[in-house]
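What follows is a short report on a single structure.
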Protein chains: 2
Amino acid sequence: MAVKERIRIGGRSARIQAAVHEAVHQLGALTTRNQVTVPQIAAAAGVTPSTIYRRWGDLQTLLADVAVARLRPIADPDDTGATESDLRAFIDQFAEEMSSPVGRALMRDVFSSAQDFPLQCAAFNREHLSTIAARAAARGEPPLDVDDVIDHVVAPIIYHILYDDREVTPDYCHALLDRLRAQSSPT
Amino acid sequence: MAVKERIRIGGRSARIQAAVHEAVHQLGALTTRNQVTVPQIAAAAGVTPSTIYRRWGDLQTLLADVAVARLRPIADPDDTGATESDLRAFIDQFAEEMSSPVGRALMRDVFSSAQDFPLQCAAFNREHLSTIAARAAARGEPPLDVDDVIDHVVAPIIYHILYDDREVTPDYCHALLDRLRAQSSPT
DNA sequence: CGCTTAACGCAAATGTTTTGCGTTAAGGTG
DNA sequence: CACCTTAACGCAAAACATTTGCGTTAAGCG
């Protein structure tokens, strides 16, 4: 079932959505990521379970919806004045968020649902990088290829978080960025 | 619950494991990846649901176990006589398998479980690449950096399959390989 | 303000997961 | 090879989660 988003955005519906999301946060933080049930969430949110089932379909979809809401950026990446530092700041923050226990849990929730949630997350990343690329163009700096950044910086970071649960250090991220820079501007 | 692997590998246990895995395959193929329940699988395998719950814990863990079994390589990658063609053959096959509907479903199952299944899959990839790297060394070819291949060829392929569900074409894979080659042997 | 209908609450029905207990058979031992 | 120990199983009851029908509430609109 697709999550309903666009209808009845006012009053009660919005309140219930907020209450349910909030309940998931509290219970998810409480029980270290597991064993959460729909009836529990319903009780914590002060609604009946059937409300949750009708709106979200199942637990996985609800968790994925909450995860995407949490991953949704609230602001553009910082403008540090230069593409290189913009990128580094963005990637550092991205890697830190995603490799934290909470980030890993959010990613798992996003991928566990048979929905277009992953696509939304991909769009978030792409938007941010596009913003940085647009700034580069406005400044007259060499153009930034967003796809290259995704393929050779974002993708390896995600891979190591998902597969090996190897630690993703700032040093590792910076090496990826250095390599990208070397590639795009050959001496 | 961890999936039990190492105990009672003989007779009945093995038969039941095989029957359950087979049932998952049949039902998973039948219903295009969804709505499969433990009782259904149990009935198809000729066992009681409680057997499955006790052995695997829950549906997601069972599906992940089956997925890993299916992703587990049965043979070393082909030896084509040269590192470059070895790599290309391996990556082409990998991309094709993983981007197929079945491959995508298997990956989702692997990531949906709170277990070390992803780690096992990462190990499969690494083993294959190590085999190819060992051949390169034996032939006296320039050494192959397995981590580079994972970061800059495997990771982008996986990223696009998981996030965007963009199509991963052989041309795209070859471009990744070309770029890797250019990087490792600068002119 | 009143109408229409999406979304909700409640409770019964249905389906899934867990658990206790007796039984079967795997792997080891005398 | 027969016996012993115990992991793993089947069955059935209990606990729990999910679905569904129906009456009620309130959002959005004229």
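Proteins get letters first, then strands, A, B, ... in listed order; numbering begins at 1 in each.
- Closest to the side chain of A/T48, out of C/dA26, C/dG9, D/dG10, is C/dG9.
- Listed candidates were C/dC8, D/dA17, D/dC9. Nearest to the side chain of A/S13 is C/dC8.
- Atom CD in B/Q40 sits about 11 Å away from atom C1' in C/dG15, given to the nearest Å.
- In this structure, a donor-acceptor pair under 3.5 Å is absent between the side chains of A/D109 and A/S112.
- A donor N or O paired with an acceptor N or O is found under 3.5 Å between the base of D/dC11 and the side-chain atoms of B/S50.
- For the OP1/OP2 pair of C/dC8 and a distance below 4.0 Å, the side-chain nitrogens and oxygens of A/R55 include at least one atom meeting the criterion.
- Evaluated for a side chain to side chain donor-acceptor pair (under 3.5 Å) with A/T83, the options A/R88, A/E141, A/R181, A/R135 yield exactly one hit, A/E141.
- Between the CD atom of A/Q17 and the P atom of C/dA7 there is a distance of 12 Å, given to the nearest Å.
- At a cut-off of 3.5 angstrom, the base of D/dG28 holds no donor-acceptor pair with the side chain of A/R12.
- Residue-level contact check: A/I16 touches the backbone only, with heavy atoms under 4.0 Å from sugar-phosphate atoms and none from bases.
- You'll find that the side chain of B/R15 is closest to C/dA26, out of C/dA26, D/dG10, D/dT20.
- Atom-to-atom, CD1 of B/I41 to P of C/dG15 comes out at 17 Å; the value is rounded to the nearest Å.
- One atom, CH2 of B/W56, and another, C1' of C/dT18, lie 17 Å apart when rounded to the nearest Å.
- Atom pair B/R54:CZ and C/dT23:C1' shows a separation of 13 Å (rounding to whole Å applied).
- Side-chain N/O atoms of B/T37 include one lying less than 4.0 angstrom from OP1 or OP2 on C/dT16.
- Distance, B/D58 CG to D/dA17 C1': 14 Å, rounded to whole Å.
- Ring geometry for A/F111 versus B/F111: interplanar angle of 30 to 60°, hence tilted.
- In this structure, B/H128 and B/F90 have perpendicular ring planes: the angle between them is above 60°, well past the 30° mark.
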(request) Applying side chain to side chain donor-acceptor pair (under 3.5 Å), run through B/H152 and A/R179 and close with a yes or a no. (result) CA-CA 11 Å; B/H152 298 284; A/R179 180 175 170 133; 3.3 Å; yes

